[in-house]
Amino acid sequence: MADSYSKIFIHLILCVKRTSMRIVSEHEEEIHKYISGIIAAKNQKVLIINGIPNHIHILLGMKPTCNLSDLVRDIKANSSRFINERNFTQRKFEWQHGFGAFSVGHSQVDMVGAYIRNQKEHHKVKTFNEEYLEFLRDHQIEYKEEYVFEEVPVDE
């Protein structure tokens, strides 16, 4: 009897809703660990998570039985509650609607991991929106400008 085998990697991107909800560096590690726990509780694997104050990147190893939209819903709902209960932001924390999810081939995992690891350096020269639109173009995803994440400045 045959079994099912898979190796699925997804590069996930989430963006905060407003400048006053930025993820400050002193809470970043705790938030990333909490999100990693949410994902692990759903029997999925975080390979790397990192970001800057206005967005995060997560490289996931996923099982084919996982519904990505449900997983993102759980990540957003539970991490928002966690951040709000601890008053980590100036006002009620929310993620923007939607998310970016891009497939990653096995041979690209190390490269994508390095990209995510170096977010702080990368964003010294490129805004989040420039980065995100580049992802959409590189993956040949048709989009409407009005439905792309709203730019949330890193600094006021």
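One is the number of the first residue; the rest follow in order along the sequence.
- Of all the heavy atoms in Val152 and Cys15, the pair that sits closest is CG2-SG, 4.4 Å.
- Between the side chains of Asn84 and Arg81, no donor N or O sits under 3.5 Å from an acceptor N or O.
- A salt bridge links Glu94 with Arg18: the distance from a Lys NZ or Arg NE/NH1/NH2 to an Asp or Glu carboxylate oxygen falls below 4.0 Å.
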Between Ile83 and Tyr34, does the side chain to side chain contact (heavy atoms under 4.5 Å, CB included) criterion hold? Intermediate values first, please. CA-CA 10 Å; Ile83 292 166; Tyr34 189 81; over 6 Å; no
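- Checked for salt-bridge contact, Glu121 and Lys124 meet the test: a charged N lies under 4.0 Å from a carboxylate O.
- With a 4.5 Å cut-off on side-chain heavy atoms, Asp70 and Lys42 do not count as touching.
- A side-chain hydrogen bond (donor to acceptor under 3.5 Å, both in side chains) check over residues 51-66, counting only residues at least two apart or in different chains, returns the pairs His11-His57, His55-His57, His55-Gln119, His55-His123, His55-Glu131, His57-Gln119, His57-Glu131.
- With sequence neighbours left out, the salt bridge (charged side-chain N to carboxylate O under 4.0 Å, His left out) criterion links Arg117 to no other residue.
- Checked against the 6.0 Å centroid criterion, the rings of Tyr132 and Tyr143 do not qualify as a close aromatic pair.
- The side-chain heavy atoms of Val16 and Phe93, taken from C-beta on, include a pair separated by under 4.5 Å.
- Closest non-hydrogen pair, Ser103 versus Ile10, comes out as CA-CD1, 4.2 Å.
- Within the 4.5 Å cutoff, side-chain heavy atoms of Leu136 are placed close to those of Val148.
- Criterion: ILVMFWY side-chain heavy atoms under 4.5 Å apart, direct or through other members. Under it, Leu14 and Phe128 are not part of a common hydrophobic cluster.
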